[in-house]
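For this chain, numbers begin at 1 and follow the sequence in order.
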Amino acid sequence: MKILHRGGKKKFIRFILIVILFAFTTSQVFAQTLPRRSNQVTSDIQSLVNQGREAYNLGRYQEAVNLLEQGFKLTANNYDKPTQSVILSNLSLAYQQLGDWETAQKQIAASLKLLENSQSSKIYAQSLDIQSRLWYMHGKPETALKSLQQSAAIYTNLGDEVGKIANTINQVQVLQALGLQQQAYKQIEQIQQKLSTISDSTVKIQGYLSLGSVLRAIGDLKRSHSVLSQSLALADNLPPSTINHNIKNATLLSLANTLVVKGNLERDSLRDSSAYRISEKERDYGNTPWQCQQQLPNTALKSYGDAAIKYQQVLAATPSSPSTHLQTQVNYLSLLVKTGEFSTAQEFWQKIKLSELPNSRQSVYAHINIAKNLACIAQNFPNQQQEENFTNSIDNLLISAIENANQLHDTRALAYAIGNRAGFYEYLATQQRNSPYLQTSQKLTQKALLLTQSITAPDIAYQWEWQMGRIFAAQGNNKEAVKYYKAAVESLNIVRSDLLSINSDVQFSYRDNVEPVYRGLVDLLLRFPAQASNDNLTQAIENIDALQLAELQNFLKCNLGQLLPISRKTNNNPNKNIDTNTAFIYPIILEDRLEVIYKLPGERLEHHTQQIKRREVQQTIQHLRSAIFSRNVSKIREKSQELYSWLIAPLEPYLQQQADIKTNIKSLVFTLDGELRNIPMGLLYDKTKNEYLVQKDYAIALLPNSQLFNLNPQTTGKFRVLAAGISEKQENIAETTGIFNQLNIDELQQIAKLVPSKLLINEQFTQDNLSKQMRTGEFSVVHIATHGNFSSNPEETYLLAYKQLIKARDLDNLLRNNQVNSNTIKLLVLSACKTAEGDNRAVLGFAGLALRAGANSTLSTLWQVNDDSASKLMVQFYTELKKSGVSKAEALHRAQKALMAQPEYQNPYFWAAYTLVGNWF
């Protein structure tokens with residue numbers, strides 16, 4: 001369920017809105033006020049602008065446009081340019097909310113042109129910030145940043161500290177979208193320093209509140225919680241007044257929203273695990289968005305419980321602004337449903353008096369949110385009479401949302417409301433076969449799609465294109481279903497980076513609203529073997545590649561395309577002109593089957609299908625992981641040979657064919673899906689030949705996404721290694737209370753004897769020292785031997801340095817430095833690390849770290865292995881790597897075979913954990 005956020009879909013903290021927030025109001029407010037030269041402004045103009053401001057703040061954007069345009073007409077003769085500029089800027093904001101970007105751009109351009117001779121004025125700076133919002137929302141963060149930097153210089157010259165703080169908060173989010181985390185966090189530190197010097201408590205509270213919201217939007221939940229807690233502590237000390245109570249309630253609401261997002265992250269981490277999908281209700285990517293899933297881990301329940309307390313405090317507080325009160329009610333209802341408290345939710349929703357609220361976009365979205373929550377409640381009360389009552393209540397809420405959006409002349413809200421009603425009917429159709437519901441859903445979806453064509457709203461359009469694809473698939477019309485799924489993917493490609501910037505309060509669940517689109521299209525493309533042409537297979541590969549890219553961007557919370565040099569942005573077909581000695585293998589886990597697409601050198605794409613349900617694949621992988629950790633060799637072979645029979649055995653005749661014609665395949669490169677990422681492919685067991693895949697003649701590598709890694713063949717040649725490690729026992733580091741035991745890092749000394757190296761051991765291994773050495777640009781290999789953890793939660797991804805944890809974003813700051821050519825890092829080696837147990841997206845940590853570091857590839861371990869065996873393998877790896885013509889994948893392959901040849905290390909636990917991600921050459 002979405003959590004309602006005032007003011008629409010994006011959480012780009014509008015500079016101008018923040019300025020007014022600092023004027024001690026708590027509701028989302030209008031952009032600019034008219035200049036103080038009120039003697040030049042008639043009362044009629046002032047009245048119209050004030051009414052427009054009120055309509056805008058209430059979410060009645062078309063009404064705001066009408067009022068502002070009336071006001072602007074009255075300024076046609078004899079009015080100063082600043083007054084006209086302010087009105088035009090506000091018009092731009094209102095048009096932006098309506099999704100009319102072309103008109104919004106014309107209005108802001110006209111506003112700036114009026115002030116071209118007053119480019120040092122505050123009004124000009126404010127207009128630049130409105131323009132930056134437009135560029136940002138339109139997917140042009142670089143242009144938005146330039147506009148913000150220009151206005152920042154004006155605020156600095158004017159000595160406007162409050163304006164500068166608000167501007168800097170906006171820059172943080174733009175920098176994050178550009179992947180410039182280091183700069184973003186420097187700005188955050190500057191904001192906090194400036195806020196600490198402000199004496200006005202109300203201004204300081206609003207600053208912390210805005211910063212906390214941005215930090216939540218960019219995924220830094222820990223710092224968001226800390227900043228919002230500071231805001232709340234200050235609010236507690238304000239003298240009693242209506243305004244101060246509203247400020248406190250707004251802070252409590254924002255803090256609760258951060259806790260909910262934290263719970264969502266913990267929930268999704270569990271939903272990524274095989275244990276969840278096996279023991280609880282299975283996630284079906286064929287489900288409609290109106291179907292609910294509730295199972296939660298205790299960690300998520302703790303965060304949700306803390307959020308509930310904050311929501312309850314707002315609801316109990318008096319006074320509270322109607323806007324804040326409604327947001328809190330809807331968010332709290334969603335939370336009750338999310339945590340399975342259906343009886344309480346059923347009772348609570350009736351307390352929400354929507355009829356008492358003025359009509360606004362917020363009211364429209366509230367109706368839809370409540371309807372979705374009621375649908376979830378209804379699914380957990382199977383009584384037929386209750387179900388009929390719920391159905392009527394849900395439909396009435398959606399009809400009201402449509403009527404309200406019509407009254408507002410808000411095309412965006414109307415498209416969203418109609419599409420959701422269509423989605424509800426689609427759900428009803430799945431419950432009652434041969435009913436007219438599906439035809440009704442189709443008509444409503446077509447109407448919603450038509451509305452999205454009149455505005456720029458790909459974030460809404462993709463949902464209804466996807467919905468139409470599901471409807472045609474349900475009708476058995478595969479051709480039309482594929483057509484609409486492709487349209488949905490195209491819209492997603494436009495909006496994907498925007499999804500990262502949507503405030504987490506309303507952020508779509510990636511797993512529920514993005515991933516199923518790609519999987520659904522791949523399913524359709526491969527559903528009928530006779531129709532699975534080479535073109536369909538190519539499209540399936542491209543969509544899996546796009547899915548992997550979306551996953552990485554969702555994990556890193558940034559647009560990876562902004563991080564990469566042009567040379568990296570290659571054709572997304574990894575099989576084209578890369579290596580004549582490489583076979584590519586793409587296993588795709590679908591609900592009812594396992595599809596394996598493969599590409600051999602000089603051949604067309606082929607595929608084979610295993611009629612194995614996703615649940616069985618998950619169970620096999622879970623049992624294999626358990627066998628690995630218990631070091632049960634017979635069980636390992638039993639389960640890994642099942643995977644071998646699914647993934648590799650059907651390819652063996654073709655691989656042999658290649659050998660017969662002397663193509664000599666040297667490498668197998670896998671793009672793995674879902675739970676398969678938790679299994680090293682070298683472990684797959686060939687029962688007929690009594691050998692593991694690693695014992696065959698193939699080097700093995702993983703390629704999460706072909707667009708993001710430099711796949712040009714490389715020769716390692718002479719290289720220098722920057723090697724860092726911690727051998728000493730450490731405990732109570734940073735926020736952890738765990739103990740990091742001693743590690744044997746003799747491998748570093750031995751590596752230094754083999755290749756030119758610089759060592760940072762124990763107290764020498766600090767963030768500052770690592771950064772200093774990286775700035776020299778002398779090293780093409782970075783080798784870190786220390787405790788580490790990789791998770792789908794970036795906050796739980798870290799490496800242990802001396803008496804400190806280096807988090808994912810810190811690694812980015814250390815390894816990606818403007819003074820260093822990132823292409824010099826050919827390989828990042830992480831020894832002694834592990835992935836979070838059962839976390840299917842933990843391997844994204846490897847790939848993400850390599851990309852953030854600008855490294856071509858990463859070598860790491862899926863679990864922490866024996867120190868001595870790790871040391872032996874790493875030394876052998878470098879011994880092989882320095883040989884002429886030996887690739888990274890082949891060096892690893894030889895090192896693993898050498899280790900398993902030693903009797904004490906034949907158990908796969910010791911040699912199988914190592915995974916090479918990225919460029920394998």
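The closest donor-acceptor contact from the side chain of Ser780 to the backbone of Phe719 lies at 3.5 Å or more, if one exists at all. The main-chain N or O of Tyr685 is never found under 3.5 Å from a side-chain atom of Gln641 such that the two would form a donor-acceptor pair. A donor-acceptor contact shorter than 3.5 Å links the side chain of Asn534 to the backbone of Leu605. With hydrogens and angles disregarded, no donor-acceptor distance shorter than 3.5 Å links the side chain of Ser857 to the backbone of Leu827. Listed for the Gln463 side chain is a donor-acceptor partner under 3.5 Å among the backbone atoms of Asp459. When atom types are taken as modelled, the side chain of His893 and the backbone of Ala889 share no donor-acceptor pair closer than 3.5 angstrom.
When only modelled atom types and interatomic distance are considered, Thr288 and Glu426 share no side-chain donor-acceptor pair under 3.5 Å. Residues Gln475 and Gln442 have side chains that bring a donor and an acceptor to within less than 3.5 angstrom of each other. Under 3.5 Å, the side chains of Lys486 and Gln539 contain a donor-acceptor pair of N or O atoms.
No side-chain heavy atom of Tyr654 sits under 4.5 Å from any side-chain heavy atom of Glu606. The shortest side-chain heavy-atom distance between Asn690 and Arg637 falls under the 4.5 Å cut-off. Looking at heavy atoms from C-beta onward, Arg470 lies in side-chain contact with Pro289 at the 4.5 angstrom threshold.
Using a 4.0 Å cut-off between charged side-chain N and carboxylate O, Arg894 and Glu890 make a salt bridge.
Atom CG in Leu449 sits 8.0 Å away from atom CD in Gln446 (nearest 0.5 Å). The CD atom of Gln618 sits 7.0 Å away from atom CD1 of Ile589, with the distance rounded to the nearest 0.5 Å. The distance from atom CZ of Phe670 to atom CG of Leu647, rounded to the nearest 0.5 Å, is 7.0 Å.
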Please report the C-alpha distance between Arg625 and Gln622 in whole Å, then the side-chain angles of each, then the deciding distance to 0.1 Å, and finally whether the side-chain contact (heavy atoms from CB on, under 4.5 Å) criterion is met.
CA-CA 5 Å; Arg625 290 272 297 187; Gln622 183 186 17; 5.8 Å; no

